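A quick write-up on the structure given underneath.
Computed over heavy atoms, backbone and side chain alike; hydrogens, waters and symmetry mates excluded. The structure presented is a predicted model; accordingly, all values stated were derived computationally and were not measured.
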There are 2 protein chains.
Amino acid sequence: MYEERGICMVNNIDFYKKTLEQANIRPTFQRIKILEYLNDYRTHPNVDEIYNALCPIMPTLSKTTVYNTLKAFVKSNIVNELNIENTEARYDLHTHPHGHFKCKECGKIFDFDINMNINNDSELKGFKIDNRNVIFEGICSNCLK
Amino acid sequence: MYEERGICMVNNIDFYKKTLEQANIRPTFQRIKILEYLNDYRTHPNVDEIYNALCPIMPTLSKTTVYNTLKAFVKSNIVNELNIENTEARYDLHTHPHGHFKCKECGKIFDFDINMNINNDSELKGFKIDNRNVIFEGICSNCLK
DNA sequence: GTTCCTGCAAAAGCTTTGCAGAAGA
DNA sequence: TCTTCTGCAAAGCTTTTGCAGGAAC
């Protein structure tokens, strides 16, 4: 049991390392742990959440490092920066494109699939589109009750 | 000529007044001017731009009032708050839904039409959707050259 | 008279910058 | 050795809050 978990963890860490190396980012302990957190917790965490979650296992971690790391990840398209509120940025592992719904009542963020078909003759003809952020706001079905 | 412009302005101010009254917002001079600015300049201004543009004609205007006013406008769905960067909010008169493209090179923001058809059986079934913000990022055709 | 609005100053909160020491190539 | 990375402290910016005077109803 212990061994299995051990093996599993090693494999994951190797995968994170490879991901970072492919992006030309030196796979330091801090960066691997932040990437691991983003992979394990797909809850669109902000800097504070990541920092507080990792502090127990790396007490000398600084927020500056979290900021630096996330900025590097965004630049390399490993993660997506979500500007849902204007107060703070949230981060999302870059996977398949999807929309985000923010409930004004409970504050929860819901993922949803969306078809974003842009007409080739649209205003964006000839543009290079790197990121597609779709953010809806309203009230979720739970809070509507 | 002068008269025409005069009449025109009066009509507009009346229109702004009516808009605000319908939204249950007292049509003060400051609020009318801010609404007028948003109507005349559809360039997704931030607080600073609005404040600096209006200062010459109302020297005692404070940024707090701009913030208060925009917050009231957003709450009443008169304007839309755009969180394109996480550094500052931008504001957009609420018209027909459209997407925003931000060029990472020149920083310009382009409007574009988009069809946002959400499946009724999607994850958002039963949700009340108030705002739809679509923000694309990349490089515009001009900067690609 | 009571409520709402404005604007100044201060505070709060997120993010960036400068820099020195540490780690890695 | 030289470059890159980390983390502390300070600074920078946008936004919010507290509050007193003024305006509107």
Side-chain angles (χ1 to χ4, degrees), chain A residues 13 16-17 19-21 23-37 44-76 78-91 107, chain B residues 13 16-21 23-37 44-76 78-92 107:
Chain A
I13 286 176
Y16 299 138
K17 270 191 182 172
T19 303
L20 294 176
E21 275 160 4
N24 252 324
I25 295 173
R26 222 187 258 171
T28 65
F29 181 60
Q30 288 87 340
R31 289 166 173 175
I32 289 170
K33 280 296 169 191
I34 291 171
L35 183 56
E36 182 184 47
Y37 183 84
H44 324 97
N46 57 23
V47 168
D48 237 52
E49 278 161 29
I50 299 168
Y51 173 74
N52 287 325
L54 296 180
C55 261
I57 58 168
M58 36 207 302
T60 66
L61 179 69
S62 87
K63 261 186 198 173
T64 304
T65 299
V66 180
Y67 276 106
N68 288 339
T69 301
L70 290 170
K71 189 178 264 188
F73 287 2
V74 169
K75 201 177 171 191
S76 299
I78 294 175
V79 307
N80 190 21
E81 189 177 86
L82 298 176
N83 295 316
I84 295 176
E85 296 107 342
N86 60 18
T87 51
E88 62 187 1
R90 296 185 165 273
Y91 297 87
Chain B
I13 286 176
Y16 300 137
K17 270 190 181 171
K18 209 179 288 179
T19 304
L20 293 176
E21 274 159 3
N24 253 323
I25 295 174
R26 224 186 257 170
T28 65
F29 181 59
Q30 288 87 338
R31 289 165 174 176
I32 290 170
K33 281 295 169 190
I34 291 171
L35 183 55
E36 182 185 46
Y37 183 84
H44 325 97
N46 58 22
V47 168
D48 236 53
E49 279 162 28
I50 299 168
Y51 173 74
N52 288 324
L54 296 180
C55 261
I57 57 168
M58 37 208 301
T60 66
L61 178 68
S62 86
K63 262 186 199 173
T64 305
T65 300
V66 180
Y67 276 107
N68 288 339
T69 301
L70 290 170
K71 188 178 263 188
F73 287 3
V74 168
K75 200 176 172 189
S76 300
I78 294 175
V79 306
N80 190 21
E81 189 178 85
L82 298 176
N83 295 316
I84 295 176
E85 296 107 342
N86 60 18
T87 51
E88 61 186 3
R90 297 185 165 274
Y91 297 88
D92 203 12

By nearest nucleotide on DNA chain D, pick out whichever of B:Asp48 and B:Pro27 is the more 5' one.
-> B:Asp48
Which comes earlier along DNA chain D counting from the 5' end, the contact point of A:Asn68 or that of B:Asn68, where each point is its nearest nucleotide?
-> A:Asn68
Considering heavy-atom distances to DNA chain C, does B:Thr87 or B:Asn24 have its closest nucleotide positioned more toward the 5' end?
-> B:Asn24
5'-most by nearest nucleotide on DNA chain C - B:Gln30 or B:Asn86 | B:Gln30
Under a 4.0 Å heavy-atom criterion, DNA chain D is touched by chain B from D:dT14 to D:dA24
Whole-Å distance separating the NZ atom of A:Lys71 from the P atom of C:dT17 | 6 Å
Lys/Arg N to Asp/Glu carboxylate O, B:Glu21 vs B:Lys18, below 4.0 Å | no
Can you tell which of A:Thr69, A:Ile78, A:Leu35 makes a side-chain contact (heavy atoms from CB on, under 4.5 Å) with A:Ile25?
-> A:Ile78
Is any side-chain nitrogen or oxygen of A:Arg26 closer than 4.0 Å to OP1 or OP2 of C:dG24?
-> no
Using a cut-off of strictly less than 4.0 Å, decide whether A:Thr28 has a side-chain nitrogen or oxygen near OP1 or OP2 of C:dA23.
-> no
Is there side-chain contact between [X] and [Y], with heavy atoms separated by less than 4.5 Å?
{"X": "B:Glu36", "Y": "B:Lys33", "value": "yes"}
{"X": "A:Pro27", "Y": "A:Tyr16", "value": "no"}
{"X": "A:Lys63", "Y": "A:Asp48", "value": "yes"}
{"X": "A:Val74", "Y": "A:Asn80", "value": "no"}

So which of residues 49-67 of chain A are in contact with DNA chain D, with a heavy-atom cut-off of under 4.0 Å?
-> A:Thr60, A:Leu61, A:Ser62, A:Thr64, A:Thr65
Sidechain-backbone polar pair: A:Arg90 side chain, A:His44 backbone, donor-acceptor under 3.5 Å | yes
Verify, without hydrogens or angle tests, whether B:Asn83 (side chain) and A:Ile84 (backbone) share a donor-acceptor contact under 3.5 angstrom.
-> yes
Non-hydrogen atoms of A:Phe73 and A:Ile34 that approach each other most closely = CE2-CG2, 4.1 Å
For A:Ala23 and A:Ser76 the tightest heavy-atom approach is O-OG, 3.7 Å
The helix from C:dG1-D:dC25 to C:dA25-D:dT1: angle between end helix axes, five pairs per end, rounded to 10 degrees | 30°
Let me see the working for A:Arg31 and A:Leu20 under side-chain contact (heavy atoms from CB on, under 4.5 Å), right down to the final yes or no.
-> CA-CA 8 Å; A:Arg31 289 166 173 175; A:Leu20 294 176; 4.0 Å; yes
